[in-house]
Peer 1: 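What follows is a structure written as C-alpha cells; I'll ask about it next.
Read the numbers this way: they start at 1 and go in the same order the structure lists the ligands and their atoms.
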Amino acid sequence: MSIKRYSNFITNCVHAGNDIDKETGAIRRPLTMANSYRLPDDASKLNWSGTDELIYTRTTSANQMYLQEKLATLEGGEDCVVLATGVAALSGVFFTFLTSDSHIICTNVSYVAVYRLLNEYFPDKYGIEVTLVDSSNLQEIKEAIRPNTKLIHIETPGNPTTRVSDIEEIAKIAKASGILLSVDSTFATPYLQRPLSLGADLVIHSLTKYINGHGDAMGGAVIGSKVLIDKIKRQAMVNLGGAISPFNAWLIMRGAVTLSLRMEQHSKSALRIAEFLENHPSVSFVAYPGLKSHPQHEIAKKQMSAFSGVISFGLSADIKTHNKFVNSLELIISAVSIGHDESLIVYTGPTDERNHFYPKEFQNGHLRFSVGLESPDDIIADIEQALKKCNL
Ligand SMILES: *Cc1c(COP(=O)(O)O)cnc(C)c1O
C-alpha cells in the first residue's frame, strides 16, 4: 500500500484514502457494491486468498482498501485491516497471535466481549492461559509475565470505567520480553492518542463509535506493521469471515472526514459537563480522564491531547431512582453505544458480570454517558430537569 500523507492530521482526515475516480473523473472514490471482481486472463497463478488484489469481497473490497489507507494514515501505521465490527477486529488479533500453549495478559476492565472471549471461551475451548490485571498498575503487568506470554492487551481509556493505562511504559515492559502490545484505542481515536508512536505494536478501533461518528454503520480496524497486519488478513479476515460491507466502509470513510472537529467538540463539552456533575451534590462520583480527581489524570495528560466524550458517574440514589433519572431525560437517549453525534446514556446495575473488577464506587451500578454534539447548555439543562424530577 503506497500512501500519500500530509503532515497535518486534519488534512489527512479530509483527504487520506480518497482519490479521483479514474473512470468518471468524480472527485470521490465510488461505492462499489460487488461481491466479485473480474479475474485476470490467466488465473492459474493467482493467490485465491490474496488480500492485496481485488478478487472476492470477503478477501478485500475496494471500499475496504480506501478506508484502510485512511486509517493507516491517521494512526501513523504501515498498514491496516478493516473488519465488520470492533469485536471482529479484536477476535482477529487474538485468533492470529494466540496459540493453545500461549499466555495473554489483559486489562481486567475491557470491552465485555473481550472479557468473555478471554475469561471463558479461549481458556475453556483452547487451553489458552489468561491473566487479567489492573493495567494501570505496571507492577501487576510485570509480575504476570510468563515465558509463554505472547500478547499484552490493554484498553485505554477503558470502557466503562475510563481507567487510563500508560501505553509508553507498558510498551517498554512488553518489548523487554519480546511480547506484542495491542491497544484498544476506541475511546480516544487517533486524533487524541497515537499508541503506535508510544511503542504499541497494534492499535484496535471499533469504527462503530467515534471514527464513523454518526451511529449508522459498524466496523472495526487494526493498524500496525505490514508483517503483523498481513497475518491478521491472511488468518482471520479470510478464514473467520468478518468482512465489512462495502457500504459500511463507505459510510465510515465519510464520517471520518470530520473526526478532528467532532473530537474537539466532544472533548470540550464532556469536560464542562464532567465539572458540572462533579459539583452537583446528588452525584456520588464522576469518572472522566480530564478531571483532576481522575486517578490517572496525569497519565491521560501525557498521552492524550484531550479526553474524549465518555463520562461515567453515579447518583446518591437507589436503582429505581437511577432508572427514573434515565427515563426522565428528554434530549439524552437511553441506548447503548458511544461516540455518536447524539448523546447516549446507559444505566448498568450491579449485575454486570465484570462488576467485581470495577472501582468500588462503580459497584452499586453506574451511568455511562456518551456526550454528543448538541449544545452543552442543552445537555446540562436536560440533566438538571431530570434530576429535579427525581427530587435530587
Ligand atoms: C464498542 C466497543 C468495542 C466493540 O465494537 P463493536 O463495533 O460494537 O463490535 C470494542 N472496544 C471498545 C472500547 C468499545 O467501546
Peer 1: Which ligand 1 atoms does F187 reach within 4.0 Å, using its non-hydrogen atoms?
Peer 2: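 In order of numbering, the contacting atoms are 15 (O).
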Peer 1: Drop me the distance from N391's CG to K324's NZ, to the nearest 0.5 angstrom.
Peer 2: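 So the CG of N391 and the NZ of K324 are separated by 6.5 Å.
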Peer 1: In the protein, which heavy atom is nearest to atom 5 (O) of ligand 1, and how far is it?
Peer 2: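 It is S206 OG, 3.0 Å.
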Peer 1: For N159, counting its heavy atoms only, list the atoms of ligand 1 lying under 4.0 Å from any of them.
Peer 2: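 With N159 as reference, the close atoms of ligand 1 come out as 14 (C), 15 (O).
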Peer 1: Determine the interplanar angle of the H15 and Y6 rings, folded into 0 to 90°, and report it as parallel if under 30°, tilted if 30 to 60°, perpendicular if over 60°.
Peer 2: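 Correct class here is tilted.
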Peer 1: By number and element, which atoms of ligand 1 are closer than 4.0 Å to a non-hydrogen atom of D184?
Peer 2: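 Answer, ordered by atom number: 10 (C), 11 (N), 12 (C), 13 (C).
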Peer 1: Is it true that the side chains of S135 and T107 contain a donor and an acceptor less than 3.5 Å apart?
Peer 2: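 Yes, T107 and S135 have a side-chain donor paired with an acceptor closer than 3.5 Å.
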Peer 1: Would D184 and T186 satisfy side chain to side chain donor-acceptor pair (under 3.5 Å), going step by step from the backbone distance to the final call?
Peer 2: CA-CA 6 Å; D184 184 332; T186 298; 2.6 Å; yes
Peer 1: Quick test: of every protein heavy atom, which one is nearest to atom 15 (O) of ligand 1, and how far off is it to 0.1 Å?
Peer 2: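 Looking at atom 15 (O) of ligand 1, the protein heavy atom closest to it is K209 NZ, 2.8 Å.
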Peer 1: Is it the case that ligand 1 has an N or O less than 3.5 angstrom from some N or O of I338?
Peer 2: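 No, there is no polar N/O contact under 3.5 Å.
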Peer 1: Please state which protein non-hydrogen atom is closest to atom 9 (O) of ligand 1 and give its distance, to 0.1 Å?
Peer 2: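 In this structure, atom 9 (O) of ligand 1 has V87 N, 2.9 Å as its nearest protein heavy atom.
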Peer 1: I'd like the name of whichever of L83, T208, L90 reaches closest to atom 7 (O) of ligand 1 through any heavy atom.
Peer 2: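 Considering heavy atoms of L83, T208, L90, the nearest to atom 7 (O) of ligand 1 sits in T208.
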Peer 1: Go through ligand 1 atom by atom and flag the ones less than 4.0 Å from a non-hydrogen atom of E155.
Peer 2: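 Ligand 1 atoms under the 4.0 Å threshold to E155: 13 (C).
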Peer 1: Is the closest side-chain donor-acceptor distance between Y191 and E264 under 3.5 Å?
Peer 2: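 Looking only at side-chain atoms, E264 and Y191 do form a donor-acceptor pair, the distance falling under 3.5 Å.
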Peer 1: Could E275 and R272 be called an ion pair, given the rule that one side-chain N must be under 4.0 Å from one carboxylate O?
Peer 2: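 Looking at E275 and R272, the cut-off is not met.
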Peer 1: Can you label the angle between the F122 ring and the Y126 ring as parallel, tilted or perpendicular, going by 30° and 60°?
Peer 2: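 Rings of F122 and Y126: perpendicular, as their planes differ by over 60°.
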